[in-house]
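First comes the structure, then the notes that go with it.
Numbered from 1 within each chain, the chains take letters A, B, ... in sequence-line order. All values below were derived from every heavy atom in this structure, side-chain atoms included, with hydrogens, water molecules and symmetry-related copies excluded.
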2 protein chains.
Amino acid sequence: MTEPTNPEVAATTDPVKKNGRDGKSKPTIYDIAKVAGVNPSTVSRALSKPGRVSAKTQKMIEDAAAELNYRVNPFARALPTGRTNTLGLIVADITNPTFFGIIRGAESTATARDYTLMLAESAESSETELTAARRMMATVDGLILASPRMDDDHIRALAGDKPVVVINREVEGVPCVVPDVNKGIGEAIRSLAANGHKKIAYVAGPPQSWMSGRRWEGVQAACEWSKLEAVRLESSKPTVDGGRQVARDVLSSGATAVLTYNDLLAIGLMQELQAASVVVPDQISIVGFDDIFGADFTTPPLTTVRSPMAECGTEAATLLLDVLHGTEHPVSTLRVETELVLRGSSGRLLRGG
Amino acid sequence: MTEPTNPEVAATTDPVKKNGRDGKSKPTIYDIAKVAGVNPSTVSRALSKPGRVSAKTQKMIEDAAAELNYRVNPFARALPTGRTNTLGLIVADITNPTFFGIIRGAESTATARDYTLMLAESAESSETELTAARRMMATVDGLILASPRMDDDHIRALAGDKPVVVINREVEGVPCVVPDVNKGIGEAIRSLAANGHKKIAYVAGPPQSWMSGRRWEGVQAACEWSKLEAVRLESSKPTVDGGRQVARDVLSSGATAVLTYNDLLAIGLMQELQAASVVVPDQISIVGFDDIFGADFTTPPLTTVRSPMAECGTEAATLLLDVLHGTEHPVSTLRVETELVLRGSSGRLLRGG
DNA sequence: CAATTCTTGGCAACCGGTTGACAAGCGCGA
DNA sequence: TCGCGCTTGTCAACCGGTTGCCAAGAATTG
């Protein structure tokens, strides 16, 4: 095994030594083969296919590997097998707390199955997302897309390369994990109806958001069932500031209760209404979505429909690993339940405040 | 090039084909060599060392690569070179918003330099952290440790293998990016002094936290300078709940202003004091640390010392990439400035409330 | 014009594993 | 005792790039 002898080459292509930075070579299966007195292919079989060698040989090889502090080179293994024991995860916005649970759930499941998670974000851009996805595809065994912004055809094309699982969206022909928003929305609308509200406003999310469309449909259906009036308001962006900006529209709409596309909109809305001396929930009830980190920091703490994001992450990673290991999976769309988390921002409408 | 012909082997080791899942082979430099009529080594040089081949040959090869939709196999490249264009980042708690900026900053810098970020968390456990670090070391070019929990010797051992940069902690012999907490603490203490406060309480973080110790030292020094009294209180955990639990101690201490180890403690403290009808900031001022996501959701919004985490992430990634590319870097500890963000939770002490 | 030097493409070994095919040896049954 | 089948270790080709070394041809200089 030779190292580069051309200092110019070393300086430009590989400033750190290929082996340990202290100059010592890392042990390989050839070293183990020497110590154990067997062929390198026997060492490889012992390490990756125990049972294909005799118990006596297996022990000799394992002892030698321990003695040499051997670690498998993942590139060398990946080259002939294509496997890296890595899962990719792309989220739309890494600072949006909606994704915490997804990341946490995916990460813990991956780790439990001896996989590593590689994370990237799309910054809400479908181009950036596709670029990140294509780059990840080169080195991961499979990919999870959380609230993807690219179109269905691109997603299916990626899935043609390696297994893909999508969270928060249904894509024909691709396994998905989707919160059942109707359950949580139903609970929210029933709660508001019970508190005397007659007119509900829904503050929508980004126009290209599949989930915002589903949530609006759920609100409409639940209001129809409870014989309440539903009105839809647009927001400029799904942020605290976007929630502030929509406050005037909310008041103008005459609605006494608001359900927003996400918690950030709800929090911004609450802050702006309170700045205008509107009392929450006495004069208007506010319900958010997702139960993000910080949702209970507000005064009053925010009522919200919780999407079990950690469960989404866990189920998506499990689904992906099952596909990778060839385990049959009966469903292509896995639904996880949402539920209403009642806090102080929604309650009985008091007449006149 | 043969595919496995033993179905049992295929079924157990590699359920997805090595090539595209549609069965077609991915183009390699051998295919390009055939199309362009040159040797594969010439193709490799053209793709990774433009200039080492003639302009005519370069164009032929690039055209052929585009025609075949060629993509380099990162494993094949990594095997001889050891390079994967991947950076590792380990954070203590992925759901702690302190790390958002770090992740975002590191990720955007990595992406700009054509690197991918691989993320893992230590779940506040030094064992888990070391395990994750060792695993990452196999496949990344370098590693960033954010608020690491492992001891200095382990960090230096990792750095002996591949380049490491540490955020939020100083480790002898390892490049670090550390917020200069004294600037922000100084601003906070001066602000409180100007508002008439005489006795300041510091609510500490985890005993093993290096940063908590630095912050306490900063508070002591700043109070001594401003001739204020400083008292230190312990918290059981650096969470909202931990902040709630320390409320009684805070009141007993007689301090009229509190600076906490982090924003979560401040938020929990505020909630608990407000539940006891203590008026913030009229009766007690509260200052947090880090300006996390959600710090301005509270009522009143939280005054806090902002650590520029995105800048920390960016500088750490830049430092690591500089080391990887052999660019000389003069300093081994890079300090980034903190600053006070004045919001409503701190103000003039009103006599008697 | 000849000799020397430079450019540039080819050869082949290598990176560190995996694995199909094969052969030697052992065990069992007729 | 012999023949057959199974077990298990070895051989060597392969995965898809990289790169040191070499040689052929072109360019430059004396």
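In the interface, the side chain of A/Arg52 is paired with the base of D/dG9 through a donor and an acceptor atom under 3.5 Å apart.
For the segment residues 29-43 of chain A, residues with any heavy atom less than 4.0 angstrom from an atom of DNA chain C are, sorted by number, A/Ile29, A/Tyr30, A/Ser41. Within residues 62-72 of chain A, no residue has a heavy atom under 4.0 Å from DNA chain D.
Results of the side-chain contact (heavy atoms from CB on, under 4.5 Å) test with A/Leu87 over A/Val140, A/Leu324, A/Val165, A/Thr109 single out A/Leu324 as the only residue that passes.
A donor-acceptor pair under 3.5 Å links the side-chain atoms of A/Arg156 to the main chain of A/Glu172, judged by distance alone. For the pair B/Asp141 (side chain) and B/Thr84 (backbone), a donor-acceptor distance under 3.5 Å is present. Although no hydrogens or angles enter the test, the distance criterion places a donor-acceptor pair under 3.5 Å between the side chain of A/Thr318 and the main chain of A/Thr314. A donor-acceptor pair under 3.5 Å links the side-chain atoms of A/Asp151 to the main chain of A/His154, judged by distance alone.
Between D/dG17 and B/Ser48, no contact under 4.0 Å exists linking OP1 or OP2 to a side-chain N or O. When the side-chain nitrogen and oxygen atoms of A/Ser54 are compared with OP1 and OP2 of D/dT7, none of them lie within a distance under 4.0 Å. In terms of phosphate contacts, A/Lys49 brings no side-chain nitrogen or oxygen within less than 4.0 Å of OP1 or OP2 of C/dT18. Within the structure, a side-chain polar atom (N or O) of B/Arg77 is placed less than 4.0 Å from OP1 or OP2 of D/dT18.
If you measure from atom CD of B/Gln58 to atom C1' of C/dT7, you get 15 Å, rounded to the nearest angstrom. Between B/Arg83 atom CZ and D/dG16 atom P the separation is 19 Å, expressed in whole Å. The distance between atom CZ of B/Phe75 and atom C1' of C/dT18, rounded to the nearest whole Å, is 15 Å. To the nearest angstrom, P of C/dG17 lies 9 Å from CG of B/Leu79. The nearest whole Å value for the distance from the CG atom in B/Asn73 to the P atom in C/dG17 is 17 Å. Atom NZ of A/Lys26 and atom P of C/dC15 are 15 Å apart (whole Å).
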Steps toward ring pair (Phe, Tyr, Trp, His ring centres under 6.0 Å) verdict (B/Phe100, A/Phe100): CA-CA 10 Å; B/Phe100 292 175; A/Phe100 293 175; 4.6 Å; yes
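Looking only at atom types and distance, the side chain of B/Thr111 has no donor-acceptor partner in the side chain of B/Ser108 under 3.5 Å away.
Taking 4.0 Å as the cut-off between side-chain N and carboxylate O, A/Arg149 and A/Asp93 do not count as a salt-bridged pair.
The residue among B/Ala76 and B/Arg45 whose nearest nucleotide of DNA chain D is located toward the 5' end is B/Ala76.
For the residue pair A/Val171 and A/Cys176, the shortest heavy atom distance occurs at N-SG, 3.4 Å.
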